[in-house]
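The model shown is predicted, which means the values in this text are computed figures rather than measured ones. The chains referred to below are lettered A, B, ... by the order of the sequence lines, with proteins before strands, and numbering in each begins at 1.
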Amino acid sequence: MTTRVRFAPSPTGYLHIGSARTALFNYLFAKNTGGKFLVRVEDTDLQRSTEESLASILDGLKWLGFAPDEEIVFQSDNAEKHRQTALKLLEEGKAYRDFTPKEDRSDKNIKQDIADKARKQGDKKDMRDNPFRDLSKEESDKRAEAGEPFAIRLKVAETGKTSFEDAVYGEQERDYADIEDLVLLRSDGHPLYNLAVVCDDIEMDITHVIRGQDHLTNTHKQILIYEALGKEKPTFAHLPLILAPGGKKLSKRIHGEIVSMTTYRDAGFIADAFRNFLALLGWSAGEEQEIYSLDELVEKFSLDRINQSNATFNFDANNERRWTDDKAIWMNAEYIRTMNLDELIPLVREELRNEKLWREEYDDNEKDWFESTVDLIRERFYTLKDFSGQGRAF
RNA sequence: GACCGGUUCGUCUAGGGGUCUAGGACACCGCCCUUUCACGGCGGCAACACGGGUUCAAAUCCCGUACCGGUUACCA
């Protein structure tokens with residue numbers, strides 16, 4: 001069986017550094033096993049999805065060199081199928097209509113609200129206390145026909161547990177009692193994330209789901225859906241998270257541009273160098289080598305060498321020299337001074353062009369001088385930007 | 001709160017019962033090279049969260065505590 005993995009970003013922002021690493025690990029795993037690397041855009045949240053962020057994500061993937069092996073799938077295109085699946089589960093009695101009016105949630109401090117509410121409930125919360133869970137089929141049908149809005153929830157069994165063998169974290173279990181009857185279909189008819197993901201992963205014949213550890217609890221919910229559908233589940237591999245200094249979550253709101261891939265490209269990073277750096281955040285080949293070409297990464301990558309603890313991406317917003325991780329900067333400098341000159345020249349040319357410092361003579365009668373100059377000065381530079389900044393003097 | 005993860009130098013990590021007075025890399029400091037800077041070479045500083053067990057032997061296995069993170073949505 002050939003392996004098939006997918007990178008599934010939601011187009012609600014640019015390509016986050018953590019997502020970029022998830023894409024990288026998916027890519028490396030696919031290539032290492034001779035499988036396929038696919039991309040699926042999770043655009044079921046139509047309110048928040050935008051064209052710009054989609055373009056920016058695709059741009060980031062391209063820059064890093066991860067070309068999908070098949071056409072990109074848009075999750076919203078499959079909404080009807082997802083809906084049918086929910087209806088089928090309803091028909092089979094594995095899901096039920098919930099007529100509880102939709103709660104209006106203010107977008108603001110939603111996370112906080114949910115946590116507060118959960119705290120108040122303590123451990124007394126009964127996940128099976130929905131009054132519509134055991135509504136008779138006749139009554140349910142009647143209310144639906146009368147036009148009363150409803151969401152469709154999965155009917156999770158009273159007792160039992162989900163379990164799976166995570167390729168990174170090992171054996172995982174969760175009691176049904178700790179999982180709520182999750183909503184499959186919203187009252188406006190739109191499928192929800194967990195349903196859509198499972199349907200699409202089945203549809204796309206995904207064999208390995210490699211994603212951030214923040215999805216660990218979703219995985220148990222998704223397994224419930226696989227079971228309700230009578231489908232075999234893929235292998236799951238959860239990745240440790242990348243955190244901000246101090247072990248806090250890395251977020252755009254708080255940390256700004258630092259978390260965006262485009263920042264690195266624009267700051268004069270070399271894609272190979274940044275990819276190399278990313279590969280070493282949460283994975284190691286167990287040897288002392290640290291500089292790896294893409295081919296070497298593909299060859300040496302394996303899921304069981306991914307480590308289980310979150311990594312801190314170190315930077316200091318108040319320090320110009322330390323604006324991003326020291327090691328990332330070092331690695332970029334290392335690439336600049338050791339890579340083939342033939343590969344470096346085009347990058348320098350592009351940088352100079354962007355800064356209006358390029359002269360056609362550099363490719364013509366001053367070619368030799370230009371190349372030897374680049375070769376000479378590159379060993380003191382950290383980024384491509386230095387060629388247009390400090391390199392000006394030459 | 002509940003459930004689930006995690007914890008080795010400042011940071012990324014190696015190590016998964018004896019080879020650990022814990023290895024490498026980045027950063028930092030010193031020396032050498034160099035007219036200067038950088039590169040390079042050599043050296044230094046610096047870590048097994050804590051407490052109990054198990055064992056002849058624990059960074060490594062078990063239990064507890066602490067701390068950190070994730071999740072707890074008709075978001076993804």
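Phosphate contact (OP1/OP2 of B/G6, side-chain N/O of A/Q308, threshold under 4.0 Å): present. A sub-4.0 Å separation between OP1 or OP2 of B/G69 and a side-chain N or O of A/K248 is present. Phosphate contact (OP1/OP2 of B/G15, side-chain N/O of A/R305, threshold under 4.0 Å): present. Between A/T100 and B/C74, a side-chain N or O to OP1/OP2 separation shorter than 4.0 Å is absent. Put simply, A/T12 has no side-chain N or O that comes within less than 4.0 Å of OP1 or OP2 on B/A76. Phosphate contact (OP1/OP2 of B/C26, side-chain N/O of A/R322, threshold under 4.0 Å): absent. Checking the phosphate oxygens (OP1, OP2) of B/C28, a side-chain nitrogen or oxygen of A/R321 falls inside 4.0 Å. At B/C4, none of the side-chain N or O atoms of A/K161 fall inside 4.0 Å of OP1 or OP2 (strictly under the cut-off). Applying the 4.0 Å criterion to OP1 and OP2 of B/U13, one finds that A/N307 has a side-chain N or O inside that range.
A/L281 comes within contact range of the sugar-phosphate backbone alone, with a heavy-atom separation under 4.0 Å but no base atom that close. When heavy atoms are screened at a 4.0 angstrom cut-off, A/H215 is found touching base atoms of the nucleic acid. Contact annotation for A/A311: backbone-only contact, meaning every heavy-atom pair under 4.0 Å involves sugar-phosphate atoms and none involves a base. Residue contacts for A/G212: at a heavy-atom cut-off of 4.0 Å it reaches no nucleic acid atom on any strand shown. Within 4.0 Å of A/P149, counting heavy atoms only, lies no atom of the nucleic acid at all. Residue-level contact check: A/N218 touches the bases, meaning some heavy atom is under 4.0 Å from a base atom. Within 4.0 Å of A/S49, counting heavy atoms only, lies no atom of the nucleic acid at all. Within the 4.0 angstrom heavy-atom criterion, no nucleotide atom of any strand lies near A/R378. If you check every strand for non-hydrogen atoms under 4.0 Å, A/Y169 touches sugar and phosphate atoms only. Heavy atoms of A/Q172 sit under 4.0 angstrom from primed sugar atoms or phosphate atoms, though from no base atom. Nucleic acid contact class of A/S187 (heavy atoms, under 4.0 Å, all strands): base.
Expressed to the nearest 0.5 Å, how far CG of A/L297 lies from CG of A/L24 amounts to 7.0 Å. Here the CD-CG distance, from A/E203 to A/N78, works out to 6.0 Å after rounding to the nearest 0.5 Å.
Separating the P atom of B/C61 from that of B/U7 is a span of 10 Å, rounded to the nearest Å. Here the separation of B/A25 from B/C68, taken at their C1' atoms, is 25 Å to the nearest Å. Using atom C1' as the reference point in both B/C45 and B/U55, the two lie 35 Å apart (nearest Å). One C1' atom belongs to B/G18, the other to B/G24, and the distance between them is 23 Å to the nearest Å. With both ends at atom P, the span from B/U11 to B/C50 equals 15 Å, rounded to whole Å. Here, B/C29 and B/G69 have their P atoms 31 Å apart, quoted to the whole Å. Taking atom C1' in both B/A57 and B/U72, the straight-line distance is 44 Å, to the nearest Å. With both ends at atom C1', the span from B/U13 to B/A22 equals 13 Å, rounded to whole Å.
At a cut-off of 3.5 angstrom, the base of B/C39 holds no donor-acceptor pair with the side chain of A/R337. A donor and an acceptor atom sit less than 3.5 Å apart, one in the side chain of A/R48 and one in the base of B/C75.
Base-pair partner of B/C50: B/G64 (Watson-Crick or G-U wobble, both distances under 3.5 Å). Pairing of B/A58, defined by two Watson-Crick or G-U wobble distances under 3.5 Å, is not identified with any nucleotide. Under the Watson-Crick or G-U wobble criterion, with both distances below 3.5 Å, B/C39 is left unpaired in every strand shown. Pairing for B/C20 is absent, with no Watson-Crick or G-U wobble pair whose two atom distances lie under 3.5 Å. In this structure B/C28 sits in a base pair with B/G44, meeting the Watson-Crick or G-U test at under 3.5 Å. Of all nucleotides present, only B/A2 satisfies the Watson-Crick or G-U wobble test against B/U71, with each distance under 3.5 Å.
Across the protein-nucleic acid pair, A/L182 atom CG and B/U71 atom C1' stand 13 Å apart, rounded to whole Å. Atom C1' of nucleotide B/C26 and atom CG of A/N314 are separated by 10 Å, given to the nearest angstrom. The distance between atom CD of A/E288 and atom C1' of B/A25, rounded to the nearest whole Å, is 9 Å. Nucleotide B/G10 holds its P atom 15 Å from the NZ atom of A/K327, rounded to whole Å. In this entry the distance linking CG of A/D316 with C1' of B/C26 reads 16 Å, nearest Å. Summarising the geometry, the separation between CD1 on A/I114 and C1' on B/G70 is reported as 14 Å, rounded to the nearest angstrom. A/L185 has its CG atom 13 Å from the P atom of B/C74, to the nearest Å. Rounded to an integer number of Å, the gap from CZ of A/F274 to C1' of B/C12 is 13 Å.
Evaluated for a side-chain hydrogen bond (donor to acceptor under 3.5 Å, both in side chains) with A/D201, the options A/R4, A/Q222, A/R40 yield exactly one hit, A/R40. When the options A/W63, A/W323, A/F277 are evaluated for a ring pair (Phe, Tyr, Trp, His ring centres under 6.0 Å) with A/Y264, the one that passes is A/W323.
Of the two residues contacting RNA chain B, namely A/D178 and A/G282, the nearest-nucleotide position lying further toward the 5' end is that of A/D178. Between A/E171 and A/D98, the residue anchored nearer the 5' end of RNA chain B, judged by the nucleotide with its closest heavy atom, is A/E171.
The closest side-chain donor-acceptor pair between A/Y335 and A/N276 falls under 3.5 angstrom. A/D295 and A/S293 form no side-chain donor-acceptor contact under 3.5 Å, judged by distance and modelled atom types alone. No side-chain donor-acceptor contact under 3.5 Å links A/D45 and A/H190.
The side chain of A/K249 approaches B/U71 more closely than any other nucleotide in the set B/C75, B/A25, B/U71. Of all nucleotides listed (B/A27, B/A2, B/G70), B/G70 comes nearest to the side chain of A/T217. Of the candidate nucleotides B/U13, B/C75, B/G69, B/U13 has the atom lying nearest to any side-chain atom of A/S284.
With a 6.0 Å cutoff to the six-membered ring centre and a 45° limit on the axis angle, A/R21 counts as a cation-pi contact of A/F25.
Around the CD atom of A/E165, the shell of radius 6.0 Å holds more than 12 heavy atoms that belong to other residues, nucleotides or ligands.
Clustering ILVMFWY residues whenever any of their side-chain heavy atoms sit less than 4.5 angstrom apart, transitively, puts A/I242 in the very cluster that holds A/M331.
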